[in-house]
Amino acid sequence: MSADAPLSPPPSRLPNVGTTIFTVMSALAAEKNAVNLGQGFPDFDCDPKIVDAVTRAMRGGLNQYPPMAGVPSLRQAIAAKIGRLYGRAYDADSEITVTAGATQALLTAILCAVHPGDEVIVLEPCYDSYLPAIELAGGKPVPVMLDAPHFRIPFDRLAAAITPRTRMILINTPHNPTGTIWREDDMRQLAALLAGTDILLLSDEVYEHMVYDGQAHQSVARHPELARRSFVVSSFGKTYHVTGWKVGYVAAPAALMAEFRKVHQFNVFTVNTPVQHGLADYMADPAPYLELPAFYQAKRDYFRAGLADTRFKLLPSDGTYFQCVDYSAISDMSEADFAMWLTREIGVAAIPVSAFYSQPRESGVVRFCFAKREETLALALERLRKL
Ligand SMILES: Cc1ncc(COP(=O)(O)O)c(C=O)c1O
């Protein structure tokens with residue numbers, strides 16, 4: 001072996017992580033020139049006003065380190081929004097922290113609370129960062145399965161999964177990938193289940209402003225028994241069509257937040273200054289997030305009406321910008337094979353829901369993202385009608 005040969009790496013901290021289906025599908029979509037309804041982000045631009053607000057901050061010299069927990073005006077705007085929408089008063093100084101996207105908020109919340117050997121209950125299918133984050137903390141993920149086609153919360157299974165080692169339950173509403181939402185009664189049942197325990201909740205609410213048909217987003221912040229034990233996570237990327245900016249936040253009671261910040265300060269320390277100032281300015285007008293449900297509902301309705309002319313069976317989409325479909329009338333391929341076939345042969349990329357489970361599981365369901373321009377959706381529908 002030569003003297004400068006690189007060392008072989010240590011045993012992997014994440015031995016089960018490889019190339020994800022998202023990377024595979026995006027590469028295939030690009031190669032086949034397919035309409036990419038796989039990727040979960042918009043193909044349209046953000047409001048120029050938010051770019052102006054960030055530009056003003058940069059030109060105004062706001063380019064050095066901000067406070068560790070985030071720019072005060074942004075934390076105040078976040079606390080005011082949560083208070084107005086969900087009725088809980090978080091203290092901007094001690095209970096709100098700005099993060100590098102929701103992904104960092106989730107990892108940091110898990111790292112600060114989960115000790116080696118602790119159990120963390122995860123409802124599957126789930127967003128792909130949850131399980132690796134728990135494993136990095138030395139925690140033990142305890143999966144509880146949601147079943148197609150309705151993916152409702154199985155409270156009996158959830159209750160059965162709780163043990164004396166349960167440190168935390170991770171929930172996500174509106175839910176990626178299924179588009180389901182927690183209802184008020186679900187939150188009440190969860191509160192009843194957790195009352196009298198010291199189990200923490202990590203509530204991923206990045207799609208909080210994408211709830212349809214006049215329904216209300218059930219933030220855990222609305223429910224005192226839940227809020228007192230919760231880290232609530234959201235993302236400006238989803239709300240303001242700026243997923244590439246990677247700015248989010250977490251709200252939690254002060255004692256939990258103090259632990260969160262101990263990890264946050266040595267994880268990223270803080271988040272870029274001008275974007276925080278720009279977001280604080282832009283948040284002064286609540287219209288962009290208050291109008292978001294109508295904006296996305298129009299896209300959802302357009303896409304669903306088009307899909308009604310295909311052989312797909314539509315699953316409910318009460319929230320998020322995802323629409324799941326059952327393809328069992330079209331094919332008996334596995335979800336991954338069907339998604340690849342659809343991309344290659346029909347020219348529309350989708351994501352298999354099986355990619356969101358830790359164990360092999362087939363429901364005959366794939367996920368489309370409708371956060372796209374109408375012409376993108378129209379082209380996809382034209383192709384899907386040929387099936
Ligand atoms: C459920 C869920 N949580 C978290 C994230 C990550 O958000 P961010 O880009 O702000 O890290 C996503 C992004 O797709 C998501 O779907």
Side-chain angles (χ1 to χ4, degrees), residues 20-23 25-26 36-43 46 50 70 74 78 96-111 120 122-134 136 146 151 153 168-182 201-211 217-220 230-251 260 264 267-268 271-272 275-276 279 289 292 296 317-324 349-353 355-358 367-372:
T20 69
I21 187 80
F22 304 94
T23 310
M25 293 307 300
S26 283
N36 195 344
L37 303 190
Q39 298 170 324
F41 59 82
D43 72 344
C46 61
I50 196 173
L74 180 56
I78 293 165
I96 305 279
T97 299
V98 180
T99 59
T103 311
Q104 185 240 316
L106 293 163
L107 176 63
T108 303
I110 289 168
L111 287 177
V120 181
V122 180
L123 297 160
E124 295 191 17
C126 66
Y127 182 60
D128 62 347
S129 83
Y130 299 171
L131 297 185
I134 296 164
L136 282 177
L146 306 175
F151 300 104
I153 313 304
M168 180 184 263
I169 301 179
L170 225 164
I171 68 170
N172 170 217
T173 183
H175 186 250
N176 178 12
T178 66
T180 55
I181 57 173
W182 285 59
L201 261 187
L202 176 51
S203 184
D204 180 347
E205 303 184 11
V206 301
Y207 300 102
E208 64 179 314
H209 300 297
M210 299 171 207
V211 175
H217 169 57
Q218 290 298 323
S219 174
V220 294
S230 292
F231 297 96
V232 187
V233 171
S234 192
S235 170
F236 291 108
K238 308 291 179 187
T239 302
Y240 291 150
H241 318 306
V242 289
T243 57
W245 289 9
K246 293 297 294 184
V247 181
Y249 60 86
V250 57
F260 182 95
H264 177 77
N267 180 193
V268 291
V271 176
N272 84 78
V275 167
Q276 290 196 58
L279 285 166
Y289 61 79
L292 208 61
Y296 272 122
S317 170
D318 286 326
T320 72
Y321 43 45
F322 300 116
Q323 173 65 57
C324 285
I351 298 288
V353 166
F356 298 84
Y357 288 97
S358 60
R367 186 199 79 177
F368 292 119
C369 172
F370 57 77
K372 309 291 171 189

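In listed order, ligands and their atoms are each counted from 1. The figures here come from the full heavy-atom set of this structure, side chains too, leaving out hydrogens, waters and symmetry mates. These figures come from a predicted structure and were not determined experimentally.
With Tyr296 as reference, Tyr321 is the one residue of Tyr289, Tyr207, Tyr321 to meet the ring-ring contact (aromatic ring centres under 6.0 Å, His included) rule.
Each of the atoms 12 (C), 13 (C), 14 (O) of ligand 1 lies under 4.0 Å from some heavy atom of Lys238. Of all atoms in ligand 1, numbered sequentially from 1 with element shown, those under 4.0 Å from a heavy atom of Gly101 are 10 (O), 11 (O). Residue Ser235 has at least one heavy-atom neighbour below 4.0 Å for each of these atoms of ligand 1: 8 (P), 10 (O).
In Asn176, the part holding a heavy atom less than 4.0 Å from any atom of ligand 1 is the side chain. Under 4.0 angstrom from ligand 1, the non-hydrogen atoms of Tyr207 all belong to its side chain.
Looking only at atom types and distance, the side chain of Glu124 has a donor-acceptor partner in the side chain of Ser358 under 3.5 Å away. A side-chain N or O of Glu205 and one of Ser219 form a donor-acceptor pair less than 3.5 Å apart. Between the side chains of Gln218 and Thr173, no donor-acceptor pair is found at a separation under 3.5 Å.
Lys238 forms no cation-pi arrangement with Phe41, by the criterion of a distance under 6.0 Å to the ring centre and an angle within 45° of the ring axis.
Between Phe356 and Phe22, a ring centre-to-centre spacing shorter than 6.0 Å is recorded.
Inclusion of Asn172 in the set of residues having an N or O under 3.5 Å from an N or O of ligand 1 is not warranted. Polar contact check, Ala102 against ligand 1: a nitrogen or oxygen pair lies under 3.5 Å apart. The shortest N or O to N or O distance between Lys246 and ligand 1 is under 3.5 Å.
From the protein, the heavy atom lying nearest to atom 1 (C) of ligand 1 is Asp204 OD2, 3.3 Å.
Residues Thr243 and Pro42 form a side-chain contact, since some pair of their non-hydrogen atoms from C-beta on lies under 4.5 Å apart.
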